Number of protein chains: 2
Amino acid sequence: MNLKQLSHMLSLSQTTVSRALNGYPEVNEETRRRVMDAAKRHGYRPNPSARRLATGKTGMIGYVLPTGTSVDIDPHFVEFLSGLGDYARSHELDLVLSPADADDQETTYRRIVANRQVDAVYISSPRPADRRVALVNTLGIPFIVHGRSEGFDFDYPFTDIDNEGAFHEAARLLVQLGHRRLALINGDDRETFAIHRERGVRRALAASGLTLGERHVCSVVMTEENGYRATRRLLEQSDAPTAIACSSLIMALGVVRAVRDLGLTIPGDLSLIAHDDVFPWLKPENFSVPLSTTRSSIRLAGARVAERLAARISGLEEGARGEVWPVDLVVRGSVAGAPG
Amino acid sequence: MNLKQLSHMLSLSQTTVSRALNGYPEVNEETRRRVMDAAKRHGYRPNPSARRLATGKTGMIGYVLPTGTSVDIDPHFVEFLSGLGDYARSHELDLVLSPADADDQETTYRRIVANRQVDAVYISSPRPADRRVALVNTLGIPFIVHGRSEGFDFDYPFTDIDNEGAFHEAARLLVQLGHRRLALINGDDRETFAIHRERGVRRALAASGLTLGERHVCSVVMTEENGYRATRRLLEQSDAPTAIACSSLIMALGVVRAVRDLGLTIPGDLSLIAHDDVFPWLKPENFSVPLSTTRSSIRLAGARVAERLAARISGLEEGARGEVWPVDLVVRGSVAGAPG
DNA sequence: AGAGTCTTCCAAAGCGCTTTGGCTTTCCTG
DNA sequence: CAGGAAAGCCAAAGCGCTTTGGAAGACTCT
């Protein structure tokens, strides 16, 4: 059942039927009702391909997915996706993932924009002066950055959490508890979030005349194994830290294992605070010693990004407003006063 | 730059240019070269929307993503996606995720098929007599099931691992080691994979005249917390098992924690074998006691599904061939002879 | 040389929708 | 009641590609 058939059936022109269906004003309400009725009754659904060709709108939002045999998709992604999908569903938006060589995403961005394959895109895990941000900005497609990039001469719309503030708070608490040697087990420090977190820790330390030693900060891919290794390395050096801030719950698993392997205890020998993105399958309160965390639901962020994308597509949102969400510090059993 | 302009520029008809570009035989090789050349030089790229409208082909594969505020996407999904994306990239295929109410996916399947939004779909986490499988089968869109459904009067193409065989092997090993009371901490037993795993365990036990007690099998959503709870329940009952087979590494984290909380040890008091889908961020060899596993890369499965989908789209694959991959049993420190 | 067969190309008809520009009709105003 | 505005509808022109049904010319064969 297509427009032609439907309009013929109603003895109306395609124009009128199309307008009636799309809510244009120049059609009699009585007629509109008739049309709507018939459309529903015959289960008419406009062919999206045709509509796309005519309007250029696709009803899809895009994401360029970095891939490669040695490229792992971050497990956070799936939670973000949950939120995104949940919102998208209620607005009849689909999400198209365009896999790209991790080292050449630019080509793919250009392609999906040139081809008008999506109405908007989002960018995640941005780095300072991220080329992708600059690119989509010049390409002129609506977009939202999840996270932040820095060092551009233009503004852009983003949704981020206050990573610096969160880790500042966490470090401040540890310092207040008497810790003098803090360590940071961070994610990839080429990404902005990691930079911000380190900045937060440094700022808190500086406020008390302390510093974050060169050897007290690790930047690694966020796996359990890397958490373990980093912790071993940290705790086996001469000026071992008495407290650790850790960028992910997954790495925290490794931290806990390492501490145990070394015959130490949390929080007796080491205080630990980790960032919790709120996974349904791994909760900080369920660690053998309940974990203190800086907490921010990445799923909510996904929903928010979808919401903003939808708003930008429909022209409800404009400009380059960036929003930064505060992060909760949740204190549990894994922190205590510095030993000794 | 569109076809019209390009053909005008070459003083050829659109027909000829189109054919030259798409490799049709009825065009002079000399002409083809000229066309190809000009296309490349001017960066001509056919408009996919237009092509879609004309051919019906989209170059996309679809997945209906169950969502809802209380619906969590399985973390396995992201690994599967890695593999899928990796293959898709090399074949210029995009993946479209259509979020759907978890309780009504049918509408969405119908929509994406009716709208010709994708060339093929895949289905994951199937249940016995899964309605989605029956649906896409009748809708006539190419598809592959990742996993298996059962109880249909038709065949369908799937890629699955030998869950039954894997857990049969695991249980057999445990029995050989003298264990008499096994327990199974399984995933949602409405899904086929869980049913097969249970079947495998039962078969192994039966071969030695043993059975899997009612209270020795748990079916839960695969989270760390549920692994913990299940283990506590199992180990605190009178006829506590001496060995556990566990359906996921994430739950195994909870198992290990519960065992520790109870002051017991692995493998001294309890042997443990878990299924490992091969996450880059959590490895069985890195558990405090290296974990024995049944091992099968879900990422490889993703790549394979993508490959088969591509083959079906292009007509290279037909029929309803199902394939079942063997699963490796990897023995590590977490298993030992039964205590006592 | 005439008939038949390829080869190579083209004009035009879709695909199904939106949108422009215009044409009636109706309804007010003064 | 003439004149103008507003309402309601339509025909047709795109959007950019593929594909059908020829047609013209070159080539082969008898």
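A note on names: the letters A, B, ... follow the listed sequences, proteins ahead of strands, and every chain is numbered from 1. Computed from a predicted structure; not experimentally measured.
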Sequence neighbours excluded and cut-off under 3.5 Å, please list the side-chain donor-acceptor pairs for residues 6-13 of chain B, or say none.
residue, atom, partner, partner atom, Å
B:S7, OG, B:L3, O, 2.9
B:S7, OG, B:K4, O, 2.9
B:S13, OG, B:T15, N, 3.3
B:S13, OG, B:T16, N, 3.1
B:S13, OG, B:T16, OG1, 3.1

Original post:
How long is the gap from CG on A:N115 to CZ on A:R110, to the nearest 0.5 Å?
Top reply: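 The CG atom of A:N115 sits 13.0 Å away from the CZ atom of A:R110.
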
Subject >> Helix axis bend for the helix from C:dA1-D:dT30 to C:dG30-D:dC1 - C1'-based end axes, five pairs, 10° rounding >> reply: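 Roughly 40° between the end axes, to the nearest 10°.
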
Original post:
Under the side-chain hydrogen bond (donor to acceptor under 3.5 Å, both in side chains) test, which residues partner A:R19, sequence neighbours left out?
Top reply: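 Scan of A:R19 (side-chain hydrogen bond (donor to acceptor under 3.5 Å, both in side chains), adjacent residues dropped) gives none.
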
Original post:
Under 4.0 Å between a side-chain N or O of B:S13 and OP1 or OP2 of C:dC10?
Top reply: yes

Side chains of [X] and [Y] only: does a donor on one sit below 3.5 Å from an acceptor on the other?
X: A:R127; Y: A:T192; value: no
X: A:R308; Y: A:T159; value: yes
X: A:T67; Y: B:R89; value: yes

Original post:
Looking at B:D155, B:D130, B:D160, which hits salt bridge (Lys or Arg N to Asp or Glu O under 4.0 Å) with B:R148?
Top reply: B:D160

Original post:
Using 4.0 Å as the upper bound for N to carboxylate O, is an ion pair formed by A:E318 and A:R312?
Top reply: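 Not counted as a salt bridge, because no side-chain N and carboxylate O are separated by less than 4.0 Å.
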
**OP:** Indicate yes or no: does A:E106 engage A:R132 in a salt bridge with an N to O separation below 4.0 Å.
**Re:** no

Original post:
What pairs meet the ring-ring contact (aromatic ring centres under 6.0 Å, His included) rule with one or both residues in residues 100-136 of chain A, with sequence neighbours excluded?
Top reply: A:Y63-A:Y122, A:F80-A:Y122

Original post:
So where does chain B start and stop touching DNA chain D, 5' to 3', when the test is distance under 4.0 Å to a non-hydrogen atom?
Top reply: D:dG16 to D:dG21

Could you write out each protein N or O paired with an N or O of nucleotides 20-23 of chain C at a distance under 3.5 Å?
residue, atom, partner, partner atom, Å
C:dT20, O4, A:R19, NH2, 3.4

Original post:
When we call it a touch if two heavy atoms are under 4.0 Å apart, what does A:S7 touch: a base, just sugar-phosphate, or nothing?
Top reply: nothing

**OP:** With heavy atoms under 4.0 Å as the rule, sort A:S49 into base, sugar-phosphate or nothing.
**Re:**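 Nothing, no heavy atom under 4.0 Å.
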
**OP:** Measure up the A:Y156 and A:F152 rings against each other and bin them: parallel (under 30°), tilted (30 to 60°), perpendicular (over 60°).
**Re:** perpendicular

**OP:** On DNA chain C, check which nucleotide each of B:N28 and A:K4 is closest to and give me the residue with the more 5' one.
**Re:**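 Upstream on the strand: B:N28.
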
**OP:** Specify the residue among B:N2 and A:L12 whose closest nucleotide of DNA chain D lies further upstream toward the 5′ end.
**Re:**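 Going by which nucleotide is closer to the 5' end, it is A:L12.
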
